[in-house]
Enquirer: 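The following block contains the structure, expressed as C-alpha cells.
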Amino acid sequence: MRLTALLVAPLLLAPGTAKRKTDRPLDHLPPNVEVLTRFGERADFSPDGRRVAFMAKSFGDAFVIDLDTREIRCLTCNVPGAAFLRVMHLASGDYLLIGPDRFEDVQRSRSRDNELWFLGREPGSRPVRLGRKMSEGAAVSKRSTKIAFAVGHAQDASIPDGGTQLVVADLDASGDKPTLKGERVVFASDGPGCYLEAQDFFDEDRRLTYSCYEPEGKASAWTLDLATGERVNHSAAIGFYNEAEGIFPDGEHTCVESDHQSRVFGDPASFRNIDVWKLRLDGTGRGFTRLTTFNDHEGWKASNPVVSPSGRLMAFQVGRTADEAGVGYGILLLRLD
C-alpha cells in the first residue's frame, strides 16, 4: 500500500525510545478511513459485501448495517436479555451467533457457557441453539455450509485441561431445526503452550487460518491444510503477539492483530497494545505491512479487522488498551488500494 513507508518507518527507532501521542486517533483519521458507526464491535461482511453485521457490545445485541443506505437494523432486539458476543454471516444469508444463553459473569459466560446459535435472515427470527459449546470465535465459510471452531476443557471435560481442539462441521439449516453435521477434529493442542482459535477458511475452503495463544502474552498466526494436515506458522519470524484475523480474498494475505509496533515503546508482548497489520501467508514473516496507527496514541488500539469479498474495504473497530479483547467503541472502514 501507499502508506507502507510512512507507517513502518517508526520501527527503525531503538526499542523503548519512542513516546506515544496524547490525542485521540479518531481526530486525525487518514483520508482512506471513515467512521461507519459510533458504537459496536466485531464486524463481519456479508458474502456480497453490501452489509456489515456487528455487535452493539460484548454480551449484547447483534446489528447489521447496509453500506449503501447506512440503515442499521437490530437482529436480536426481540430476545430479552440478549447476551451474545459475536454475529457472523452465513453463505445462505442467515447468521451464526456466538454467546451464552444468559449472562452470569464475564469469565464463565465467555468461556464455560459460550455456544453456537443459528439465526434466520427473516426479520423477527429467533435464535436457535445448535447444542454446541465452543471457545472464542468461529471460522465461517462465505461459499458453503462449513464452519470451524475451537473446543477446550471448559466446554468439554473430556479434553485435557489446557488443551484445545479445532473442529470442522457443516451447518445444515435445510430441515425444521438447524443442526451441525459431520463434526471432525482437524487438529488438537494437548497443552497450554498453544490455545487454539479458528479464524477463516480460504483456498475454496481447503485451508484454515487460526491463532495459537502462547505463554507470556504471545500469539502466532497459522494456517492448516484440511486435506493434508500441514501446518505453517506464518509469524514465527516476527514474534511477540500476532493474532490471525480477517483473510484477504486472494488467499495470500491475512489481517493480523499485532503488537509489533509497540517494540519502539518498550512494551511487553500483549493483546492490549495492538494495531492492524497485513501479513503475507508465505511463512517468512517478511511481507508484513502496518495498516492502522491507533496504538501510536496513548490508550488506544485498532482491532478485529475483516476484509470485504472484493478486497476493497476493511472494517475494524476502535478500542481502548485497558479493555479486554474484543471490546470496541465503533466500526470504521478503511479503503484498500
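These numbers come from the heavy atoms of this one structure, side chains and all, not from hydrogens, waters or symmetry mates.
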Enquirer: Is any side-chain heavy atom of Pro309 closer than 4.5 Å to one of Pro249?
Expert: no
Enquirer: So, for Gly283 and Val232, which heavy atoms are closest and what is the spacing to 0.1 Å?
Expert: CA-CG1, 4.1 Å
Enquirer: With a sphere of 6.0 Å drawn around CZ of Arg50, does it hold more than 12 non-hydrogen atoms of other residues, nucleotides or ligands?
Expert: no
Enquirer: Answer yes or no: does atom CD of Glu216 have more than 12 heavy-atom neighbours from other residues, nucleotides or ligands under 6.0 Å?
Expert: no
Enquirer: Kindly say whether Ala62 contributes a backbone atom to a donor-acceptor pair with the side chain of Thr76 at under 3.5 angstrom?
Expert: yes
Enquirer: Do you see a donor-acceptor pair shorter than 3.5 Å between the side chains of Asp282 and His234?
Expert: no
Enquirer: Testing Asp225, Val167, Val168 for side-chain contact (heavy atoms from CB on, under 4.5 Å) with Val186, which one passes?
Expert: Val168
Enquirer: Can you tell me how far the OG1 atom of Thr37 sits from the CG atom of Leu333, to the nearest 0.5 Å?
Expert: 9.0 Å
Enquirer: Could you check whether Tyr195 and Glu197, counting side-chain N and O atoms only, form a donor-acceptor pair closer than 3.5 Å?
Expert: no
Enquirer: How many angstroms lie between OG1 in Thr228 and CZ in Arg207, if you round to the nearest 0.5 Å?
Expert: 9.0 Å
Enquirer: Can you confirm whether more than 12 heavy atoms, excluding those of Arg102, are under 6.0 Å from its CZ atom?
Expert: no
Enquirer: Any chance the side chains of Thr209 and Asp200 put a donor and an acceptor closer than 3.5 Å?
Expert: no
Enquirer: Applying side chain to side chain contact (heavy atoms under 4.5 Å, CB included), run through Phe63 and Asp61 and close with a yes or a no.
Expert: CA-CA 7 Å; Phe63 287 77; Asp61 282 303; 3.8 Å; yes
Enquirer: Is there a path from Leu90 to Met134 through hydrophobic residues (I, L, V, M, F, W, Y) whose side chains come within less than 4.5 Å of each other?
Expert: yes
Enquirer: So, for Ala83 and Pro100, which heavy atoms are closest and what is the spacing to 0.1 Å?
Expert: O-CD, 3.0 Å
Enquirer: Please report the closest heavy-atom contact between Lys218 and Ala269, naming both atoms and the distance.
Expert: CG-CB, 3.8 Å
Enquirer: Is a side-chain donor or acceptor of Glu245 paired with a backbone partner of Val306 at a separation under 3.5 angstrom?
Expert: no
Enquirer: Distance from Leu336 atom CG to Asn32 atom CG, nearest 0.5 Å?
Expert: 8.0 Å
Enquirer: Would Lys278 and Met314 count as a side chain to side chain contact (heavy atoms under 4.5 Å, CB included) if you check the C-alpha gap in whole Å, the side-chain angles of each, and the deciding distance to 0.1 Å?
Expert: CA-CA 11 Å; Lys278 178 181 179 181; Met314 181 184 81; over 6 Å; no
Enquirer: Identify whether the distance between the nearest side-chain nitrogen and carboxylate oxygen of Asp66 and Arg51 falls below 4.0 Å.
Expert: no
Enquirer: Return yes if some donor-acceptor pair links the side-chain N/O of Asp190 with the main-chain N/O of Gly163 below 3.5 Å, else return no.
Expert: no
Enquirer: For Cys255, which of Phe316, Trp277, Phe248 qualifies under side-chain contact (heavy atoms from CB on, under 4.5 Å)?
Expert: Phe248
Enquirer: Roughly how far apart are Leu334 CG and Arg312 CZ, rounded to 0.5 Å?
Expert: 15.0 Å
Enquirer: Mind running salt bridge (charged side-chain N to carboxylate O under 4.0 Å, His left out) on Asp105 and Arg108 for me, showing each step along the way?
Expert: CA-CA 6 Å; Asp105 63 60; Arg108 291 183 179 88; 2.5 Å; yes
Enquirer: Would you call Arg272 and Glu324 a salt bridge, taking side-chain N to carboxylate O under 4.0 Å as the test?
Expert: yes
Enquirer: So which heavy atom on Gly152 is nearest to which on Thr164, and how close?
Expert: CA-CG2, 3.9 Å
Enquirer: Quick check: do Arg110 and Ser58 have side-chain heavy atoms less than 4.5 Å from each other?
Expert: no
Enquirer: With a 3.5 Å distance limit and no angle check, can you tell me whether Asn295 reaches the backbone of Lys301 through a side-chain donor-acceptor pair?
Expert: no
Enquirer: Treating His153 as the side-chain partner and Ile159 as the backbone partner, does any N or O pair qualify as donor plus acceptor under 3.5 Å?
Expert: yes
Enquirer: Are more than 12 heavy atoms, taken from residues, nucleotides or ligands other than Lys133, located less than 6.0 Å from that residue's NZ atom?
Expert: yes
Enquirer: Between the side chains of Gln199 and Ser211, does any donor sit under 3.5 Å from an acceptor?
Expert: no
Enquirer: Is there a path of hydrophobic side-chain contacts, each under 4.5 Å between heavy atoms, that joins Val35 and Tyr329?
Expert: yes
Enquirer: Do the side chain of Thr292 and the main chain of Val276 share a donor and acceptor less than 3.5 angstrom apart?
Expert: yes
Enquirer: Please assess Arg320 against Trp300 for the test side chain to side chain contact (heavy atoms under 4.5 Å, CB included), listing each intermediate value before the final yes or no.
Expert: CA-CA 5 Å; Arg320 302 304 303 266; Trp300 296 88; 3.5 Å; yes
Enquirer: Within the structure provided, determine whether Glu41 and Asn304 are in side-chain contact (heavy-atom separation under 4.5 Å).
Expert: no
Enquirer: So that I know where these two stand, are Tyr95 and Phe84 an aromatic pair - ring centroids less than 6.0 Å apart?
Expert: no
Enquirer: In Å, rounded to the nearest 0.5 Å, how long is the span from CZ of Phe265 to CG of Asp259?
Expert: 11.5 Å
Enquirer: Can you tell which of Leu116, Leu96, Leu166, Asn114 makes a side-chain contact (heavy atoms from CB on, under 4.5 Å) with Phe149?
Expert: Leu116
Enquirer: So, Arg24 and Asp27, do they make that salt bridge, N to O below 4.0 Å?
Expert: yes
Enquirer: Is there a ring-ring contact (aromatic ring centres under 6.0 Å, His included) between Phe39 and Phe54? Walk through the geometry before answering.
Expert: CA-CA 10 Å; Phe39 72 103; Phe54 63 98; 5.4 Å; yes
Enquirer: Side chains of Leu313 and Phe45: does their closest heavy-atom pair fall under 4.5 Å?
Expert: yes
Enquirer: Any link between Ile331 and Ile72 through a network of hydrophobic side chains (Ile, Leu, Val, Met, Phe, Trp, Tyr) touching at under 4.5 Å?
Expert: yes
Enquirer: Go through Val140 and Leu171 one step at a time and tell me if the side chain to side chain contact (heavy atoms under 4.5 Å, CB included) criterion holds.
Expert: CA-CA 10 Å; Val140 177; Leu171 202 172; over 6 Å; no
Enquirer: Check whether any side-chain N or O of Asp44 sits under 3.5 Å from a backbone N or O of His89 as a donor-acceptor pair, and report yes or no.
Expert: yes
Enquirer: Any idea which heavy atoms bring Ala154 and Ser111 closest together, and the distance?
Expert: CB-OG, 3.4 Å
Enquirer: Donor-acceptor check, side chain of Asn233 to backbone of Ser235, threshold 3.5 angstrom: yes or no?
Expert: yes
Enquirer: If I compare all heavy atoms of Asn78 with all of Pro80, which pair ends up nearest, and what's the gap?
Expert: O-CD, 3.4 Å
Enquirer: Distance-only, no hydrogens or angles: does the Glu252 side chain make a donor-acceptor pair with backbone N or O of Arg280 under 3.5 Å?
Expert: no
Enquirer: Hey, are the side chains of Pro25 and Thr293 touching, using non-hydrogen atoms and a 4.5 Å cut-off?
Expert: no
Enquirer: Salt bridge between Asp172 and Lys181, side-chain N to carboxylate O under 4.0 Å?
Expert: yes
Enquirer: Tell me whether Ser141 contacts the main-chain N or O of Lys146 through its side chain, where contact means a donor paired with an acceptor under 3.5 Å.
Expert: no
Enquirer: Does any part of the side chain of Asp94, heavy atoms only, come nearer than 4.5 Å to the side chain of Arg121, both counted from C-beta?
Expert: yes
Enquirer: Above 12 or not: heavy atoms from other molecules or residues under 6.0 Å from CZ of Arg70?
Expert: yes
Enquirer: Do the side chains of Leu332 and Leu29 get nearer than 4.5 Å, heavy atoms only?
Expert: yes
Enquirer: For the atom pair OG (Ser270) and CZ (Phe240), what is the distance rounded to the nearest 0.5 Å?
Expert: 12.0 Å
